[in-house]
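Encoded as structure tokens, the structure appears first; notes follow it.
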Amino acid sequence: MKFPPIDKQLALIERGVAEIVPEDALVEKLRRAEKTGEPLIVKLGCDPSRPDLHLGHSVVLRKLRQFQDIGHQAVLIVGDFTGMIGDPSGRSRERPALTVEETRENGRSYFEQASRILDPERTRIVYNSEWLENLSFSDVIQLAGKYTVARMLERDDFEKRYKSGEPIGIHEFLYPLAQAQDSVAIRADIELGGTDQKFNLLVGRAVQQSERIEPQVCIMMPILPGTDGVEKMSKSLDNYIGISEPPEEMYGKTLSIPDDLIYRWFELATNVPTEELLAIKAAAKKEPRNTKHRLAWTIASMYHGDDAADQARSHFEKIIIKGGIPENMESVRFAADEEPRMGILDLMTRAGLTSSNGEARRLIAQHAVSMDGKKISDVRMEVNVHTGPSFVLKAGKRRFVRILREEEGGS
RNA sequence: GGGCAGGUUGCCGAGUGGUCAAAGGCGGCAGACUGUAAAUCUGCUCCCUCAGGGUUCGGAGGUUCGAAUCCUCCCCUGCCCA
């Protein structure tokens, strides 16, 4: 295997990273690879209980991709073992116990999404149940003996919870060790993660060392702030942009980020060449509107291509700025044996526009509902759902549904 | 094992017999405004077609005309002691 010159490799590897521990070990590993022709093993762990990838995940995945591009071996570890255990205390909905089938399914879905970023041909994908499942209880005790309670409690999250009297399950101490065991099992040279993973990555080093394996280099990527501009991007906070979301969503959500995030997002979530970043920083200050549109376009095009990004842009202008109606939307047709006259509240809820009649009522009271562009003000209005032309119901700015009636069947 | 303090609507958190579908904050939704799905301001935020009704306050029973609030048992969490 031939690799690019080491300084070239370093330049690429170091782009955008928050921290490399320890830095000199990275150089040594690169030298060794060059000498032996053996690619470095670069590890990234993923949590199969949440298989929906978003731009936050893309930061570290793109780093993994860069390693692939210079010829190293990417290993994606699906944490199916811990996924199958779940959280025995049952208190955390973040970690529901999954069945084998679910973890496989989620692992597949994760990989499929990650393939939008990684080179799937050159990605090794492994499930950690492969080795963790076969550890005996005495193996586990031995592993647990490699770390101390005091050091465990150094982890920020544990320390905080411990001090504020929140529960910490013993098994939670075992998770970082399990993750470290993964590094031992695949003999990772490098492990990637967000800065929030620093503790876990370092445990990996410690455990490898006590197994007399050359310890991995930990590369931490910055955490991408979510669309709210405050918290880290995460699904549970609903401030995320999913990798497989439609381009219009990506575009609109990107535009909603605070202006001072524009540069950071360009840096962490896009492929714009490093040289351009400085100019972008200046542009973001000077003309935030245009720069943010460019960001939104860039992100949409990374995942959907240029044409889709163009369309997303015009869609946004039409719907949000001009208050128009989109071309594609959900459509609903009520069964022929259905009672033809239906109250507007029922209609909205059954068409999936609102989650309850109460919500529908409130929206109408707030003048937020219209039918083919005409505001609805009477909550007792009735509609014949079978006869007459199809029409569009709109709730708020961006919720639409087309109700199909007898005419123009498929439109 | 013992003692103490707790478990309230998506989250945090007030409420200790009726005036409680339950203060306040956060989040969410809508309207106005805006380059924006940002910021700001205003309204809404359990379910049921209004009046009114129905289901909620860890779980199961019970007391009472009436219980988130009192009693019993159980489950869960934290702290202290062993």
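Because the structure is a prediction, the values reported are computed rather than measured. By convention in this document, chain letters (A, B, ...) are assigned in the order of the sequence lines, proteins followed by strands, and residues within each chain are numbered from 1. We use all heavy atoms of the structure for the numbers below, so side chains are in, but hydrogens, waters and symmetry mates are not.
Contact between the side-chain N/O atoms of A:Arg361 and the OP1/OP2 oxygens of B:C50 is found at a separation under 4.0 Å. Phosphate contact (OP1/OP2 of B:C47, side-chain N/O of A:Ser356, threshold under 4.0 Å): present.
B:C73 is paired with B:G59 under the Watson-Crick or G-U wobble criterion, all donor-acceptor distances under 3.5 Å. Pair check for B:A38 finds none; no Watson-Crick or G-U wobble contact set falls under 3.5 Å. Judged by Watson-Crick or G-U wobble contacts below 3.5 Å, the nucleotide B:G78 has B:C4 as its partner.
Side-chain atoms of A:Gln366 come within donor-acceptor range of the base of B:G43, with a qualifying N/O pair under 3.5 Å.
Put simply, the residue from A:Lys43, A:His72, A:Lys29 that forms a side-chain hydrogen bond (donor to acceptor under 3.5 Å, both in side chains) with A:Asp189 is A:Lys29.
Across the interface with RNA chain B, nearest-nucleotide mapping of A:Ala395 and A:Asp259 shows A:Ala395 to be the residue nearer the 5′ end. For A:Tyr251 and A:His367, each mapped to the nucleotide of RNA chain B holding its nearest heavy atom, the one lying further toward the 5' end belongs to A:His367.
Remark: the separation of the P atoms in B:A67 and B:C4 is 29 Å, to the nearest Å. With both ends at atom C1', the span from B:G25 to B:U9 equals 14 Å, rounded to whole Å. Taking atom C1' in both B:G58 and B:C48, one finds a spacing of 27 Å when rounded to whole Å. With both ends at atom C1', the span from B:C57 to B:G13 equals 13 Å, rounded to whole Å. As rounded to the nearest Å, B:C73 and B:U63 have C1' atoms that lie 15 Å from one another. Distance check on atom P: B:A30 versus B:U19 gives 34 Å, rounded to whole Å. Rounded to the nearest Å, the gap between the P atom of B:G54 and that of B:U8 is 26 Å. Nucleotides B:A68 and B:U56, compared at atom C1', are 9 Å apart to the nearest Å.
Going from atom CZ of A:Phe400 over to atom P of B:A37 covers 12 Å, rounded to whole Å. Atom CD1 of A:Ile262 and atom C1' of B:A38 are 10 Å apart (whole Å). Rounded to whole Å, atom C1' of B:G43 lies 12 Å from atom CG of A:Leu363. In this structure, CE of A:Met342 is placed 14 Å from C1' of B:U49, rounded to the nearest angstrom. Remark: C1' of B:A38 and CH2 of A:Trp265 are 12 Å apart, rounded to the nearest angstrom. Between A:Leu353 atom CG and B:A30 atom P the separation is 11 Å, expressed in whole Å. Atom CD1 of A:Ile168 is separated from atom P of B:G78 by 9 Å (rounded to the nearest Å).
Look at A:Glu359 and A:Arg362 and you find no salt bridge, because none of the NZ, NE, NH1 or NH2 atoms lies under 4.0 Å from a carboxylate O. The pair A:Arg398-A:Glu248 does not meet the salt-bridge criterion, since no charged nitrogen lies less than 4.0 angstrom from a carboxylate oxygen.
Here A:Glu249 lies in heavy-atom contact (under 4.0 Å) with a base. Using a 4.0 Å heavy-atom criterion, one finds that A:Glu382 contacts no nucleic acid atom at all. Note on A:Arg161: nothing from the nucleic acid sits closer than 4.0 angstrom, heavy atoms only. Counting non-hydrogen atoms under 4.0 angstrom, A:Gly358 reaches the backbone sugars and phosphates but no base.
Geometrically, A:Lys253 engages A:Tyr240 in a cation-pi contact, judged by NZ or CZ lying under 6.0 Å from the ring centre and within 45° of the ring axis. No cation-pi contact links A:Arg116 to A:Tyr303, judged by a cut-off of 6.0 Å to the six-membered ring centre and 45° from its axis.
Atom CD of A:Glu317 sits in a crowded spot, with more than 12 heavy atoms from other residues, nucleotides or ligands closer than 6.0 Å. Surrounding NZ of A:Lys285 are at most 12 heavy atoms belonging to other residues, nucleotides or ligands under 6.0 Å away. Within a 6.0 Å radius of CD1 in A:Ile141, other residues, nucleotides and ligands contribute more than 12 heavy atoms.
Shown for residues 310-324 of chain A: residues whose heavy atoms fall under 4.0 angstrom of RNA chain B, namely A:Phe316, A:Ile320. Using a 4.0 Å cut-off on heavy atoms, the residues of residues 276-293 of chain A that approach RNA chain B are A:Arg289, A:Lys292, listed by number.
By the side-chain hydrogen bond (donor to acceptor under 3.5 Å, both in side chains) test, A:Arg205 pairs with no residue at all, sequence neighbours left out.
Side chain of A:His315 to backbone of A:Glu327: no donor-acceptor contact under 3.5 angstrom is found. Side chain of A:Gln68 to main chain of A:Asp119: a donor-acceptor pair is present (N/O by atom type, distance under 3.5 Å, no hydrogens or angles).
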